[in-house]
Undergrad: 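Below you'll find the structure I mean.
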Amino acid sequence: MPSKPIKTIVFLPREAAAFVAEKLAENGFQPTPASSVAELHEALCSTEYALAVATRPDIDLIRHIQPMPVVNIEVFFDFEPNAMAAGRSSCFDSAAFLRRVRALTAEEPGVIRPAAGCTSRWGGSFLRLLERLVVGDDATGRDHAAQG
């Protein structure tokens, strides 16, 4: 659990954002749910947020407003073929999700993050590339260091 609550923005539909925010709060984070672009923009105009949680289509929007690590929540769902027909829903891997959030918010040597308020699009992109090499690729949820 983080020693100081880490502010995260959860940009999802209202009910999903509230649910994810509640789970993050239970694990020591300080989440802010946002369900509209206006709410997202207002929150990200500050430099207080260390991480965002969103779906793949919204990642570029978030990074356009504020360069920051974004967790693609979609990669933590295990969609089984025929699950809906069998009356089952998809399975969410909450343990893997929380590990990813913790990894991206850890204050560890060797983890490179854009400076707060960084406005350079190239600088933020370059630092995110370096971060992916050190931490992992947030588009797949896989940790490159663990793959050896």
Side-chain angles (χ1 to χ4, degrees), residues 1-80 83-84 88-108 110-146:
M1 198 177 290
S3 57
K4 177 183 166 192
I6 295 171
K7 291 190 81 169
T8 57
I9 187 83
V10 181
F11 186 55
L12 297 168
R14 192 162 310 283
E15 287 182 20
F19 178 79
V20 171
E22 180 182 331
K23 296 304 174 192
L24 288 170
E26 289 172 2
N27 285 277
F29 293 90
Q30 188 177 353
T32 301
S35 298
S36 70
V37 174
E39 290 173 332
L40 175 70
H41 190 269
E42 183 178 333
L44 291 182
C45 280
S46 75
T47 58
E48 300 175 358
Y49 293 93
L51 177 82
V53 176
T55 56
R56 186 177 39 85
D58 297 320
I59 292 173
D60 285 341
L61 172 65
I62 291 168
R63 289 184 173 156
H64 180 74
I65 298 169
Q66 177 71 28
M68 65 180 1
V70 181
V71 174
N72 177 2
I73 198 165
E74 293 174 354
V75 301
F76 300 100
F77 283 92
D78 182 21
F79 292 104
E80 296 179 32
M84 296 291 251
R88 297 187 318 264
S89 62
S90 60
C91 181
F92 180 68
D93 189 346
S94 59
F97 170 71
L98 288 171
R99 279 194 307 272
R100 187 72 180 147
V101 169
R102 286 185 185 113
L104 289 174
T105 57
E107 295 295 327
E108 297 176 12
V111 176
I112 301 167
R113 304 215 186 288
C118 176
T119 57
S120 168
R121 295 292 297 149
W122 185 87
S125 297
F126 179 71
L127 290 175
R128 280 193 302 279
L129 174 62
L130 288 176
E131 180 178 31
R132 285 184 181 144
L133 294 173
V134 173
V135 178
D137 183 356
D138 65 353
T140 64
R142 294 188 185 112
D143 182 45
H144 293 298

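Remember, predicted model here, so these are calculated numbers, not experimental data.
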Undergrad: Mind checking the CG-CG spacing from L98 to D93? Nearest 0.5 Å is all I need.
TA: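 The distance works out to 9.5 Å.
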Undergrad: Give every donor-acceptor pair under 3.5 Å between a side-chain atom in residues 32-43 and any protein atom, sequence neighbours left out.
TA:
from	atom 1	to	atom 2	distance (Å)
T32	OG1	Y49	OH	2.9
S35	OG	L12	O	3.1
S35	OG	R14	N	3.1
S36	OG	E39	N	3.1
E39	OE1	S35	N	2.6
E39	OE1	S36	N	3.2

Undergrad: Only counting residues at least two apart or in another chain, list the ones meeting ring-ring contact (aromatic ring centres under 6.0 Å, His included) with F97.
TA: F76, F92
Undergrad: Residues two or more places apart in sequence or in another chain: which of them pass salt bridge (Lys or Arg N to Asp or Glu O under 4.0 Å) with E48?
TA: K7
Undergrad: Which pair of heavy atoms, one from R63 and one from V70, lies closest together, and at what distance?
TA: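 So the minimum-distance heavy-atom pair works out to NH2-N, 3.6 Å.
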Undergrad: What's the separation between atom CG in N27 and atom CD1 in I6, rounded to the nearest 0.5 Å?
TA: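 Interatomic distance, N27 CG to I6 CD1, rounded to 0.5 Å: 11.5 Å.
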Undergrad: Any side-chain heavy atom of E74 within less than 4.5 Å of one from P57?
TA: yes
Undergrad: Rounded to the nearest 0.5 Å, what separates atom CD1 in I62 from atom OG1 in T55?
TA: 8.0 Å
Undergrad: Supply the atom-to-atom distance L44 CG to L61 CG, rounded to the nearest 0.5 angstrom.
TA: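 L44 atom CG to L61 atom CG measures 8.5 Å (nearest 0.5 Å).
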Undergrad: For M68 versus L51, what's the shortest heavy-atom pair and its separation?
TA: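 Where M68 meets L51 most closely, the heavy atoms are CE-N, 3.9 Å.
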Undergrad: Between atom CZ of R100 and atom OG1 of T105, what is the distance when rounded to the nearest 0.5 Å?
TA: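 Spacing of CZ (R100) from OG1 (T105) equals 10.5 Å.
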